[in-house]
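The structure under discussion appears below in the form of structure tokens.
For the numbers below, each heavy atom of this structure counts, side chains included, while hydrogens, waters and symmetry mates do not. So that the names make sense, note that chain A is the first sequence line, chain B the second, and so on, each numbered from 1.
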Number of protein chains: 2
Amino acid sequence: MKNLPSAARQAQIRERFAGGPGVSVSELAREFGVSEMTIRRDLAALEGQSHIQRTHGGAMLTQRMMLEFDYRDRRELHRKQKQAIAAAARKLIQPGQRLILDNGTTSLELAALLKDGQHLTVITPSLAVASELQHTPGVEVILLGGVIRRGSPDLTGPVTENCLELFAADFAFQGADGIGHDGAIYNTDLRLARVDKIMRRVANKSCLLADHSKIGATALVRSGTLADVDIFITDTGAPAATLKRFAILGPQIITVKP
Amino acid sequence: MKNLPSAARQAQIRERFAGGPGVSVSELAREFGVSEMTIRRDLAALEGQSHIQRTHGGAMLTQRMMLEFDYRDRRELHRKQKQAIAAAARKLIQPGQRLILDNGTTSLELAALLKDGQHLTVITPSLAVASELQHTPGVEVILLGGVIRRGSPDLTGPVTENCLELFAADFAFQGADGIGHDGAIYNTDLRLARVDKIMRRVANKSCLLADHSKIGATALVRSGTLADVDIFITDTGAPAATLKRFAILGPQIITVKP
DNA sequence: AAGAATTCGAACAAATAAAAACATTTACAC
DNA sequence: GTGTAAATGTTTTTATTTGTTCGAATTCTT
């Protein structure tokens, strides 16, 4: 392989990257019959325009870098139920809708089900949801602003609330940390509770997702009651009598079996 | 396995982890035909990027769960200059200030320098900056809301702009994709340009960070001129005559040598 | 718990590669 | 041909990476 114009040689070098993790300067110099200095100059030129990154001794494709946000994955707990509940929620969604997903694990399961490429807009304060959907072609992800809680992959605070006010969505999907027998909805965090409240207000319809283990549990803050939500999805582990009482408060109740 | 440049070898090592929970130093040394010391150094480097966690006799994947926002890492390009520029910018910052950092790689280098725990508030549309600072005790990170650009770890759009308007900061630090000889500031993306413009407005002082390779370059959108910024930091590779002309436009000019 | 066997990390030396400066060739226009 | 600019090669200097040795630390074995 000899006497190539420099541009052609650089194009050839680019092909090289398909083969392996990287190429070495000395190897390329030998193959093209040019000096190593020339190869270095080629690589320097390619580095600017193409997605390669120079290294000592050669070059490689630019690394896909990942941003790491700490994240305690609590998805395992009652995961079956949560997935079933998410699947039921998925059925409520029509193409073209604007959805709000909160930062619960059930919402995250729902996000995973949105990957089949319908045209959707997802508004969320959850970095986990955003991460899940970032590469999904049909879905536009709008991340709400806010303060990053240490050790929690989501955004809360006045900024988040303010951001949320900008939107009008078709559906809000949210979880809860507890649902009292009187239908009160509880959250463990005040800031999350405030955000949840606003979500319900800016969405046309709101949908509460909670497996049966949450029924009867309470937590720090009351963010509202079942009377504020339009649809409540839970699993068949929930006692029928309680659900009957809940229904009187207003929401349509959907039970799924895991 | 043939001789690979060190960076390529480290990338290969990372692949190894896909197969199992861990790898051993001796095994890797044999496979790559290098000394164990070299492998240890590789592992130490990878550990520094927190991709892996070292163990006696080898290494394993980091335990903690992470959210992956992946993107092409361009940090290596002119990194020396960018780090020097970031260091100069760091000196401008006083404890207690509220800072805006944009989504350039130079801002990311600056973020890394803020880790020494002063009391600071950082407002940014960059997931990379947020990720970098999320564990820093003295720093509160406020992530702006917005649309996640595919393949880019940052937020833009009307929501971002609206979010920004909520704030008043002491300093805005931003990069540029090009600076014309007439002092015009260029960005490759219209939405980023709009965001940059607002940043300058809501910050008391604005500071442009750009290595000399940007001088003379142009890009799609003009986001403003040097007359709009208070401080311009670049490296000593910039031609003195040009800098003199820039100074007439108003900004204080700081040059650092890499 | 003590001793043996690994493994690690620091220090230094050797090898290798990059960058800078300068010389040479090539390509092309006139 | 000759001048000029771009590209390539050479040489020297500088920086990075790797290998080796050896004492310290860690794990395993008994």
Is A/Ser126 reaching over with its side chain to a backbone N or O of A/Asp154, donor-acceptor style, under 3.5 angstrom?
no
For D/dT8, does either OP1 or OP2 sit under 4.0 Å from a side-chain N or O belonging to A/Thr38?
no
Using whole Å, report how far CG of A/Leu43 lies from C1' of D/dA7.
16 Å
Starting from C1' on C/dC8, measure out to CD on B/Glu47 and report it in whole angstrom.
12 Å
When all nucleic acid strands are considered with a 4.0 Å heavy-atom cut-off, which category describes B/Ser24: base, sugar-phosphate, or nothing?
nothing
Interatomic spacing from CG in B/Asp235 to NE2 in B/His212 - rounded to 0.5 Å
5.5 Å
Let me know, please, whether B/Met37 or B/Ser26 comes out on the 5' side of the other along DNA chain C by nearest nucleotide.
B/Ser26
Measuring to OP1 and OP2 of C/dA10, would you say a side-chain N or O of B/Arg40 lies under 4.0 angstrom away?
no
Between D/dT8 atom P and A/Leu28 atom CG, what is the distance in whole Å?
14 Å
Gap between atoms CG and P, on A/Asp42 and D/dA6 respectively (whole Å)
17 Å
Whole-Å distance, B/Arg54 CZ to D/dT26 C1', equals 13 Å
Tell me the interatomic distance from A/Ile39, atom CD1, to C/dT16, atom C1', rounded to whole angstroms.
17 Å
If we check side chain to side chain donor-acceptor pair (under 3.5 Å) with B/Ser223, which of these qualifies: B/Asn187, B/Asp228, B/Asp196, B/Asp189?
B/Asn187
Drop me the distance from B/Leu114's CG to B/Gln118's CD, to the nearest 0.5 angstrom.
8.5 Å
What is the distance from CD of B/Glu27 to C1' of C/dT7, rounded to the nearest Å?
16 Å
Does a salt bridge link B/Lys214 with B/Asp177, judged by any charged N lying under 4.0 Å from a carboxylate O?
no
Check this one for me: any side-chain N or O of B/His56 less than 4.0 Å away from OP1 or OP2 of C/dT7?
no
Could you check how far CD of A/Gln10 sits from C1' of D/dA6, rounded to whole Å?
13 Å
So, under a plain 3.5 Å distance rule, would you say the side chain of A/Arg41 forms a donor-acceptor pair with the base of D/dG9?
yes
